[in-house]
Amino acid sequence: MNTAPFIAVEGPIGAGKTTLATMLSQELGFPMISEIVEDNPYLDKFYDNIEEWSFQLEMFFLCHRYKQLEDTSHHFLNEGQPVIADYHIYKNVIFAERTLSEQQLNKYRKIFHLLTDDLPKPNFIIYIKASLPTLLHRIEKRGRPFEKKIETSYLEQLIADYDIAIKQLQEADPDLTVLTIDGDSEDFVLNKSDFERIAAHVKELIK
Ligand SMILES: Nc1ncnc2c1ncn2[C@@H]1O[C@H](COP(=O)(O)OP(=O)(O)OP(=O)(O)O)[C@@H](O)[C@H]1O
Ligand SMILES: Nc1nc(=O)c2ncn([C@H]3C[C@H](O)[C@@H](CO)O3)c2[nH]1
């Protein structure tokens with residue numbers, strides 16, 4: 001079990017996870033681990049045809065995150081070095097439940113548990129909640145070509161899935177601290193005082 005702070009920034013697609021995790025990593029001086037996007041060979045295909053490519057994509061994310069968290073455990077957390085990540089490993093399940101068929105999901109769950117049960121889990125989650133218009137605006141602003149195919153209904157479902165999942169994680173682990181940020185009203189990119197308030201809150205929590 002890791003005792004050093006392990007912070008995960010979470011929230012639906014485009015909520016600002018990577019942006020906030022990067023800013024906090026600089027502010028706190030913690031190394032950051034970040035998910036693979038541009039070099040992911042399946043994302044483009046997946047958004048073209050979710051049914052056809054979901055198993056490949058979910059397995060790709062799972063294997064990539066597994067390796068990253070194993071390395072993080074060896075090199076940082078086991079050495080008492082705090083870490084910040086722009087994802088929580090449970091994100092795999094949130095997406096898999098939304099994208100896989102029942103049969104695929106049964107197989108996936110077994111592999112997920114085999115791979116992740118003994119991995120270090122974050123003791124802090126910064127959950128960026130944001131509404132559909134905010135997410136659509138940020139995804140458009142970021143301009144990844146393959147994300148132009150994202151359906152509004154998919155995003156809407158993920159917003160609801162995230163609320164449920166964060167609650168479940170909290171209920172399952174009394175030692176987990178969740179800091180929820182209103183991504184619609186708090187603008188940590190353009191408003192310096194918003195970021196300073198979030199950073200001060202995080203510093204207080206991990207003291
Ligand atoms: N609080 C904010 N105010 C304004 N713009 C923001 C804010 N947070 C993020 N952005 C912008 O929104 C876009 C998406 O942010 P980012 O890539 O950090 O999201 P993400 O949650 O990591 O996305 P993904 O789920 O795809 O990994 C970026 O262009 C970023 O600059
Ligand atoms: N299906 C699916 N499963 C995941 O575990 C997952 N993690 C991230 N993503 C998508 C969201 C962004 O478009 C892009 C970058 O975060 O990748 C995922 N998609």
Side-chain angles (χ1 to χ4, degrees), residues 7-26 32-66 68-69 84-101 104-105 108-109 111-112 115-116 125-152 154-155 157-159 161-162 165-166 180-199:
I7 305 171
V9 183
E10 262 302 356
I13 304 173
K17 299 177 291 295
T18 307
T19 307
L20 182 59
T22 305
M23 292 169 79
L24 285 172
S25 148
Q26 284 161 5
M32 174 170 161
I33 59 170
S34 187
E35 68 186 12
I36 180 168
V37 180
E38 301 308 331
D39 293 334
N40 186 319
Y42 300 112
L43 265 175
D44 193 22
K45 296 185 177 86
F46 169 80
Y47 283 125
D48 260 340
N49 187 340
I50 293 188
E51 220 174 290
E52 177 75 21
W53 288 99
S54 52
F55 195 77
Q56 299 291 123
L57 180 73
E58 305 311 346
M59 287 304 300
F60 179 89
F61 271 118
L62 178 57
C63 292
H64 181 261
R65 291 175 181 144
Y66 168 72
Q68 206 172 39
L69 289 174
I84 184 156
D86 69 356
Y87 66 87
H88 187 295
I89 190 72
Y90 194 69
K91 175 179 191 170
N92 287 279
V93 176
I94 300 176
F95 278 86
E97 284 181 346
R98 181 57 52 205
T99 68
L100 298 181
S101 69
Q104 289 170 327
L105 187 58
Y108 181 88
R109 279 190 199 284
I111 304 168
F112 176 82
L115 290 184
T116 67
I125 297 178
I126 302 172
Y127 173 37
I128 309 174
K129 258 174 88 81
S131 65
L132 184 65
T134 299
L135 297 181
L136 287 170
H137 174 71
R138 294 202 180 141
I139 290 168
E140 194 186 331
K141 176 176 144 194
R142 180 169 60 190
R144 289 179 185 149
F146 50 83
E147 289 182 341
K148 290 195 180 4
K149 292 171 270 184
I150 293 181
E151 305 248 347
T152 300
Y154 178 66
L155 266 182
Q157 287 162 339
L158 283 171
I159 291 172
D161 294 341
Y162 260 99
I166 298 290
T180 302
I181 291 177
D182 182 345
D184 292 339
S185 63
E186 297 210 48
D187 191 334
F188 44 82
V189 174
L190 298 176
N191 197 337
K192 201 167 170 238
S193 64
D194 278 0
F195 175 68
E196 283 169 353
R197 197 173 44 250
I198 294 168

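Atoms within a ligand are numbered from 1 in the order they appear, just like the ligands themselves.
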Legend entry - Student check: side-chain heavy atoms of Leu24 and Ile126 closer than 4.5 Å: yes
Legend entry - Shortest reach to atom 11 (C) of ligand 2 by a heavy atom, considering only Phe46, Tyr47, Phe61: Tyr47
Legend entry - Residue Leu43 vicinity, atoms of ligand 2 by number, heavy atom under 4.0 Å: 10 (C), 14 (C), 17 (O)
Legend entry - Close side-chain approach of Ile128 and Phe188, heavy atoms under 4.5 Å: yes
Legend entry - Student check: side-chain heavy atoms of Phe195 and Val189 closer than 4.5 Å: no
Inset, instruction - Could you check atom 14 (C) of ligand 2 against the protein and tell me its nearest heavy-atom contact, residue, atom and distance included? - result: Glu147 OE2, 3.7 Å
Inset, instruction - To the nearest 0.5 angstrom, please state how far the CD atom of Glu186 sits from the CZ atom of Arg197. - result: 5.0 Å
Inset, instruction - Would you please classify the geometry between the His88 ring and the Tyr90 ring as parallel, tilted or perpendicular, with 30° and 60° separating the classes? - result: perpendicular
Legend entry - Which residue and heavy atom of the protein sit nearest atom 1 (N) of ligand 2, plus the separation: Glu58 OE2, 2.8 Å
Legend entry - Protein heavy-atom partner closest to atom 7 (C) of ligand 1 - residue, atom, separation in Å: Val189 CG2, 3.3 Å
Legend entry - Contact with ligand 1 for Leu190, non-hydrogen, under 4.0 angstrom: no
Inset, instruction - Identify the two heavy atoms, one from Leu100 and one from Glu58, that lie closest to each other, and give their separation to 0.1 Å. - result: CD2-CG, 3.9 Å
Inset, instruction - Give yes or no for whether the N/O distance cutoff of 3.5 Å, strictly under, is met between Ala15 and ligand 1. - result: yes
Legend entry - Euclidean distance, Asp161 CG relative to Ile94 CD1, rounded to 0.5 Å: 7.5 Å
Inset, instruction - Please identify which atoms of ligand 2 are closer than 4.0 Å to at least one heavy atom of Leu57. - result: 1 (N), 2 (C), 19 (N)
Inset, instruction - Any atoms of ligand 2 less than 4.0 Å from a non-hydrogen atom of Arg144? List them with their elements. - result: 14 (C), 15 (C)
Inset, instruction - Would you mind finding which of Phe95, Tyr42, Tyr87 brings a heavy atom closest to atom 2 (C) of ligand 2? - result: Phe95
Legend entry - Candidate with minimal heavy-atom separation from atom 10 (N) of ligand 1, of Arg138, Lys91, Glu35: Arg138
Inset, instruction - Using a strict 4.0 Å threshold on nitrogen-to-oxygen distance, state whether Glu35 and Lys17 make a salt bridge. - result: no
Legend entry - Minimal non-hydrogen separation, Tyr127 against Ile159, with atom names: OH-O, 4.3 Å
Legend entry - Side-chain heavy atoms of Tyr154 within contact of Tyr47, under 4.5 Å: yes
Legend entry - Short N-O contact, Glu97 and Arg109, less than 4.0 angstrom: yes
Legend entry - ligand 2 atoms in contact with Val37 (distance to a heavy atom under 4.0 Å): 15 (C)
Legend entry - Ile50 side chain reached by Glu151 side chain, heavy atoms, under 4.5 Å: no
Inset, instruction - Examine the proximity of ligand 1 to His137 and report which part, side chain or backbone, both or neither, has a heavy atom under 4.0 Å away. - result: neither
Legend entry - Subset of ligand 2 atoms that lie under 4.0 Å from at least one heavy atom of Glu35: 8 (C), 15 (C), 16 (O)
Inset, instruction - Please identify which atoms of ligand 2 are closer than 4.0 Å to at least one heavy atom of Tyr154. - result: 1 (N)
Inset, instruction - Look at atom 7 (N) of ligand 2 and say which protein heavy atom is nearest, naming residue and atom and giving the distance to 0.1 Å. - result: Arg65 NH2, 2.8 Å
Legend entry - Close-contact set for ligand 1 against Arg144 heavy atoms, below 4.0 Å: 26 (O)
Legend entry - Under 4.0 Å to a heavy atom of Lys91 - the qualifying atoms of ligand 2, by number: 7 (N), 8 (C)
Legend entry - Lys141, Met23, Arg142, Lys17: member with heavy atom nearest to atom 26 (O) of ligand 1: Arg142
Inset, instruction - Could you check atom 19 (O) of ligand 1 against the protein and tell me its nearest heavy-atom contact, residue, atom and distance included? - result: Gly16 N, 3.2 Å
Inset, instruction - Would you indicate whether the side-chain heavy atoms of Leu57 and Phe95 approach each other to under 4.5 Å? - result: no
Inset, instruction - Answer yes or no for Asp187: is there a heavy-atom contact with ligand 1 below 4.0 Å? - result: yes
Inset, instruction - List the closest protein heavy-atom neighbour of atom 15 (O) of ligand 1: residue, atom name, distance to the nearest 0.1 Å. - result: Thr19 OG1, 3.6 Å
